[in-house]
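First the proteins, then the strands, lettered A, B, ... as listed; each starts at 1.
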There are 2 protein chains.
Amino acid sequence: MRPGGSPTLDEVARVAGVSRATASRAINGGQRVSAHAQSSVDAAVRSLGYVPNPAARSLVTRRTDSIAVVVPEPDDRVFSDPFFARTLRGVNRVLGEVDIQLVLLLARPGASSERTLRYLTNRHVDGAIVVSHHRDDGLAEQLMRLDLPCVFGGRPWSGGDRVTYVDIDNTAGEREATQVLIDRGCQRIGTIAGPSDMTAAEDRLAGWRQAMSAAGLRDDALEHGDFTEDGGQRAAEALMAAHPDLDGLVVASDLMASGALKVLAASGRRVPDDVAVVGYDDLGVAERTTPALTTVRQPVEEMTERATRLLLEQIDGRSAGRPMRVIIPPTLIRRDSA
Amino acid sequence: MRPGGSPTLDEVARVAGVSRATASRAINGGQRVSAHAQSSVDAAVRSLGYVPNPAARSLVTRRTDSIAVVVPEPDDRVFSDPFFARTLRGVNRVLGEVDIQLVLLLARPGASSERTLRYLTNRHVDGAIVVSHHRDDGLAEQLMRLDLPCVFGGRPWSGGDRVTYVDIDNTAGEREATQVLIDRGCQRIGTIAGPSDMTAAEDRLAGWRQAMSAAGLRDDALEHGDFTEDGGQRAAEALMAAHPDLDGLVVASDLMASGALKVLAASGRRVPDDVAVVGYDDLGVAERTTPALTTVRQPVEEMTERATRLLLEQIDGRSAGRPMRVIIPPTLIRRDSA
DNA sequence: GGAAGTTGTGAGAGCGCTTCCACGGAGATG
DNA sequence: CATCTCCGTGGAAGCGCTCTCACAACTTCC
């Protein structure tokens with residue numbers, strides 16, 4: 001190892017007996033390079049242990065070969081939800097194929113979201129994937145103003161027609177879930193919906209409404225939770241107090257359903273005999289509750305995988321700039337709670 | 001916006017009526033800059049919406065203002081474990097205070113671990129945090145050869161004395177957990193240990209052995225699992241078949257304990273009356289099993305938070321290059337299973 | 001009152017890389 | 001045989017930034 005640190009392109013060129021320009025060409029795909037030059041550059045690279053300096057490269061190419069995953073959520077929620085881990089897995093699966101790295105941007109609302117935006121403005125990354133965004137974060141608009149390649153995981157609140165996104169068909173999923181209860185003969189079906197500032201929650205609620213009205217049932221037994229277990233518990237208590245005659249419960253997330261199951265058990269109601277319950281997500285919680293939850297599986301990894309591919313296309317300029325929309329159907333998973 | 005793209009330092013300098021050098025100084029902390037120059041640079045920056053180009057900057061400073069979190073695990077395991085999400089949270093909490101970004105490096109063993117190493121070699125990041133590493137990945141050695149600032153989360157298999165790491169006192173934790181069963185009068189205590197290529201698993205096993213021998217109990221009822229629920233289930237089946245007289249079970253992870261509980265329930269054994277069970281982790285699973293698990297809480301976030309701070313010190317050259325070691329005590333959490 | 005610091009400033013030299021451009025030589029074309 | 005094309009090559013111009021260094025303009029000190 002020479003004193004100055006790692007070897008530079010200059011040294012590679014010198015060792016290979018070619019110019020820096022030729023060495024550079026040989027290293028980057030080898031267009032217009034003779035077989036002889038190519039092989040001597042290859043040898044020099046190997047013997048020197050040369051690795052190109054990414055900063056220098058990206059200074060001139062204006063590419064960083066990294067993309068950001070932006071999670072505009074308070075830390076706590078993000079991390080307690082397996083949704084998040086799956087998301088990263090989906091992204092990484094695609095990135096494993098190309099030579100692009102993942103930068104994780106957790107934007108707590110407020111001060112640090114400004115910093116996140118600055119980071120993206122910087123062109124520190126070639127593109128961004130935004131997941132799990134709320135109504136009021138305004139991120140969609142701000143990102144579009146940057147004209148940074150960008151794909152949303154989950155339908156954004158606004159600008160949905162001018163932005164590329166991949167979503168799961170939450171409405172269809174919850175419709176199907178509700179139908180399970182209808183089919184098993186439930187007469188009085190309530191729902192615990194998610195926070196109304198998230199599109200996924202609103203879409204699921206709409207699905208419940210659709211199924212209920214199609215079956216000619218009343219859709220007035222409704223309570224909102226916050227997608228946490230405790231929230232589900234509180235919502236279930238309120239709901240059962242207001243409507244003690246419920247015999248079916250459609251819950252917008254498994255975690256909330258888990259809380260609801262506790263309430264039902266505590267009040268001596270048997271599941272599914274007295275009250276049948278369906279959850280949503282199937283991201284690891286549903287099979288561990290007592291009884292195991294019938295639920296709707298969200299193909300989260302598939303969603304983010306698709307989102308990532310769309311982003312890469314956008315970065316490469318292959319997508320002609322028109323906003324795409326991909327909607328993935330969810331799958332019903334039958335277990336014991338309904 | 002001028003045609004060329006985003007504004008450069010040159011333009012800021014021109015607008016502010018100073019030289020590029022002065023503008024640079026004003027932007028970076030403002031040492032040796034007159035109040036007047038400072039304010040006119042500030043104004044120029046604001047009016048132009050200037051953001052420094054990170055590639056250009058890091059080309060000369062040789063800093064990237066980002067650190068890597070290296071996870072040398074097959075995807076699946078990493079993501080199903082809440083450990084991972086907590087880790088990221090710990091890191092991010094610290095990084096939120098300084099202006100440093102997190103690059104996530106998931107190194108699937110084999111081909112891509114070579115790529116990961118290349119990425120680190122590149123000095124694409126200023127330092128690395130390595131978590132959840134197995135015996136054979138040899139990452140410790142390779143990283144040390146790079147002399148890249150680097151901190152391990154969890155004691156590495158080798159080089160433990162030449163490398164900085166933060167660990168949780170797994171031995172003490174499992175000793176305490178075992179003691180709970182001993183104190184409640186269990187006579188025949190078995191254990192389901194983790195994979196023997198992970199230091200955390202081995203340390204916990206050692207803790208069990210210590211407590212057992214201190215109490216004068218036989219430590220021969222042992223089975224290994226793989227830290228998954230299914231693995232725990234299989235291990236529990238084998239263990240109960242070989243030692244039907246067990247009245248206490250020390251399980252090295254809550255997920256495995258959850259599998260074990262199913263086996264016990266299926267065989268008609270009551271928990272904790274017939275068999276008392278303690279888990280390990282308390283990362284969200286323990287409170288959801290039936291019965292809720294008495295377990296040992298791993299302060300994962302604290303661990304990675306500390307690791308991150310140590311890394312930052314190393315990067316800043318504040319740590320004098322000597323390898324530090326931080327050991328965090330775990331906490332016993334009492335619930336219903338023992 | 002001259003020597004010795006102190007402070008703010010700008011010119012300019014790179015950091016390591018890609019890429020434009022000009023050029024010589026080889027092969028194809030008339 | 002002159003001309004046109006194409007290919008491989010190296011010289012050189014930057015990409016946008018930081019930072020050393022020299023310099024002028026002040027203080028401060030003996």
Point to revise | Working for side chain to side chain donor-acceptor pair (under 3.5 Å), residues A:Thr22 and A:Ser19 | key: CA-CA 5 Å; A:Thr22 302; A:Ser19 74; 3.2 Å; yes
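Between the side chain of B:Arg62 and the base of C:dG16, no donor-acceptor pair under 3.5 Å is found.
For the pair B:Asn28 CG and D:dC17 P, the interatomic distance rounds to 10 Å; values are reported in whole Å. Protein atom CZ of B:Arg14 is 12 Å distant from nucleotide atom P of D:dG16, rounded to whole Å. Taking atom CD of residue B:Gln38 and atom P of nucleotide C:dG8, one finds them 11 Å apart after rounding to whole Å. Straight-line distance from the CG atom of A:Asp10 to the C1' atom of C:dC17: 9 Å, rounded to whole Å. Between A:Leu59 atom CG and D:dT18 atom P there is a gap of 12 Å when expressed in whole angstrom units. Here the P atom of nucleotide C:dT18 and the CZ atom of A:Arg25 are 11 Å apart, to the nearest Å. A straight line from CG of B:Leu9 to C1' of C:dG12 spans 14 Å, rounded to a whole angstrom. In this structure, A:Arg63 atom CZ and C:dC17 atom P are separated by 18 Å, rounded to whole Å.
With D:dC17, D:dC15, D:dA13 as the candidates, the nucleotide lying closest to the side chain of B:Pro52 is D:dC17. Distances were taken from every side-chain heavy atom of A:Ser19 (C-beta onward) to each of C:dC17, D:dG10, C:dT18; the shortest belongs to D:dG10. Minimum atom distance to the side chain of B:Asn53 is reached by D:dG16, of the listed D:dG16, D:dG11, D:dC19. Candidate nucleotides C:dA11, D:dC7, D:dG14 were compared by shortest atom distance to the side chain of A:Arg32, and D:dC7 ranks first.
Nucleic acid contact class of B:Ala37 (heavy atoms, under 4.0 Å, all strands): sugar-phosphate only. Residue contacts for B:Arg57: at a heavy-atom cut-off of 4.0 Å it reaches the sugar-phosphate backbone alone, with no base atom in range. Base contact: A:Ser24 has a heavy atom under 4.0 Å from a base atom.
The two atoms that bring B:Arg155 and B:Thr199 nearest to each other are O-OG1, 2.8 Å, heavy atoms only.
For the side chain to side chain contact (heavy atoms under 4.5 Å, CB included) test with B:Thr87, the passing option among B:Thr308, B:Val71, B:Val131 is B:Val131; the others fail.
The phosphate of C:dT9 (OP1 or OP2) has no side-chain N or O of B:Thr22 nearer than 4.0 angstrom. Between B:Ser34 and C:dT9, a side-chain N or O to OP1/OP2 separation shorter than 4.0 Å is present.
Between the side chain of A:Asp126 and the backbone N or O of A:Arg63 there is no donor-acceptor pair closer than 3.5 Å. In this structure a side-chain-to-backbone donor-acceptor pair under 3.5 Å is missing from B:Thr304 to B:Ala307.
Nucleotides of DNA chain D nearest to B:Ala21 and B:Ala55 differ in position, and the one nearer the 5' end is that of B:Ala55.
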